Every structure is written in structure tokens, then in C-alpha cells.
Amino acid sequence: NNYPYCISLVLPAYHEKGSHLLVKLTKALRMAKDPSEVEVVVVDAGGCSDLELLLPLAGSVNDDTNGKRNQRWGRVSVYSYQSGGGRGPCLNFGANVSTGRVLTFCHSDTTLPYRWDEKIVSTLECDIGARANSCAFSFGIDTSREGLSMSFEASNTSTSYYPPGIKAVETTANLRSHLYS
């Protein structure tokens, strides 16, 4: 009852472009059941640009001229993390500044399923006699044009391409998760 948001979506960012994250968070926004109950916490671990583009994604829910609701995140915050130590400490920092009841960690190259926010809450609040304290979706890398819009280094030039073996990474990660829970 003391949490202003139901879910905190923690997104670590390292050498990310704000325009790329804007596309990703807009897609996650459309896939959520009630994004106004979600706080987005972007942790800039260095080398990021234009992250202020994400801030207008938050705000109140209003009706547009067509009578449709404009969905927005409950809150979007961008924090700078310069202490080093890798991804783990960066995620811990994001967790510490979050104000949601449930912590959800997502990376910019993953895709959230339809109504992901509802699925997380219903899994953690299941009433079947067992208490869950964590859950996970099947791992999925966004291989759409937008998802792969970040450039990868190829020789001395920067070009966009479909990384080889990306589907194998998804398959083996999901297999490992199912085998070892």
C-alpha cells in the first residue's frame, strides 16, 4: 500500500541512443495492460545519448481528439550510474531508486509479451497455496527492424546487420531456463 507504482521496469542502458530506447519503450507501453501503474527506471551506465527523449512518455492519461485514451507510463526517470562494476551493480542501483512494489528487469534488446504487466502481477499474487517471489518470461530478442536498429561494429565501419546465431541464443537460453528453473 505504500508503493506509488505497481511495477518498476528497470532498464540498464550502456551506449544506447534515446531514439532507440524510445521505440522499445513505446512498444512495451502498447503491450502493457495498465502502463499508468508502471514506473520506468532507465539507468545510464555510460555512453548514452538523448535519453531526455524518453521523459515525455510519462504523464497523466487523457482522451485524444478521437476519444481514445492516450496511454502513458506512470513515471519515467533517467539516472546516471558511474560507479562501474558491470551489469549487476547497475541493476542493483536501479532497484534501489525504484518505487514500485514489483521489480522487473528488462534489457533493450528483449521483447515483452502482450499484457506483460498483468502477467507479472498475477503470477506473483497467485492464490494456489504457493508463494512466488520471482518469475520470468521466455527469452525473446526483438529481431524486428527497430529492434536491430542499433549498429554493430563490423571491421572499421559501423553497419546494421542481423547478428548470426541470434535465434540459437534465444533457443538455448529458454532451454536452460526450462531445464534448470
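Bear in mind that the values here come from a model prediction, so they are computed numbers and not experimental data.
- In terms of heavy atoms, Phe105 sits closest to Ala95 at CZ-CB, 4.1 Å.
- Rounded to the nearest 0.5 Å, atoms CD1 (Ile7) and CD (Glu118) are 10.0 Å apart.
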| message | Under the criterion side-chain contact (heavy atoms from CB on, under 4.5 Å), I'd like the reasoning laid out for Val40 against Leu57: C-alpha separation, chi angles, the key distance, then a yes or no. | response | CA-CA 9 Å; Val40 176; Leu57 288 174; over 6 Å; no
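- In this structure, Val41 and Leu11 have side chains that are not in contact, with every pair of non-hydrogen atoms separated by 4.5 Å or more.
- Taking a 6.0 Å sphere around OH of Tyr14, one finds it holds 12 or fewer heavy atoms contributed by other residues, nucleotides or ligands.
- Hydrophobic clustering, with ILVMFWY side chains joined whenever heavy atoms are under 4.5 angstrom apart, keeps Phe93 apart from Val102.
- Atom CG of Leu112 is separated from atom NZ of Lys24 by 8.5 Å, given to the nearest 0.5 angstrom.
- Note on Val76: it does not cluster hydrophobically with Leu91, by side-chain heavy-atom contacts below 4.5 Å among ILVMFWY residues.
- Between the side chain of Asp117 and the main chain of Lys33, a donor-acceptor pair closer than 3.5 Å is present.
- In this view, Cys6 and Glu37, Arg101, Val121 satisfy the side chain to side chain contact (heavy atoms under 4.5 Å, CB included) rule, not counting sequence neighbours.
- Scanning both residues, Pro113 and Lys119, for their nearest heavy atoms gives CB-NZ, 4.3 Å.
- The two residues Trp73 and Leu25 have their closest heavy-atom pair at CZ2-O, 3.3 Å.
- Although no hydrogens or angles enter the test, the distance criterion places a donor-acceptor pair under 3.5 Å between the side chain of Ser8 and the main chain of Gly100.
- Interatomic distance, Thr26 OG1 to Arg72 CZ, rounded to the nearest 0.5 Å: 8.5 Å.
- Taken to the nearest 0.5 Å, the CG atom of Leu21 stands 9.5 Å off from the CG atom of Asp44.
- A side-chain contact (heavy atoms from CB on, under 4.5 Å) with Ile120 holds for exactly one of Leu9, Leu103, Thr104, Val38; it is Thr104.
- In terms of heavy atoms, Pro35 sits closest to Leu29 at CB-CD1, 3.3 Å.
- Atom NZ of residue Lys17 and atom SG of residue Cys48 lie 11.5 Å apart, to the nearest 0.5 angstrom.
- We find the OG-OH distance between Ser98 and Tyr3 to be 11.0 Å, quoted to the nearest 0.5 Å.
- In the hydrophobic cluster analysis, where Ile, Leu, Val, Met, Phe, Trp and Tyr join through side-chain heavy atoms closer than 4.5 angstrom, Leu22 is grouped together with Met31.
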Taking only distance into account, with no hydrogens and no angle test, what donor-acceptor pairs under 3.5 Å do side-chain atoms of residues 80-90 form with protein atoms, sequence neighbours excluded?
unit_1, atom_1, unit_2, atom_2, d
Ser80, OG, Gln82, NE2, 2.9
Tyr81, OH, Gly84, O, 2.9

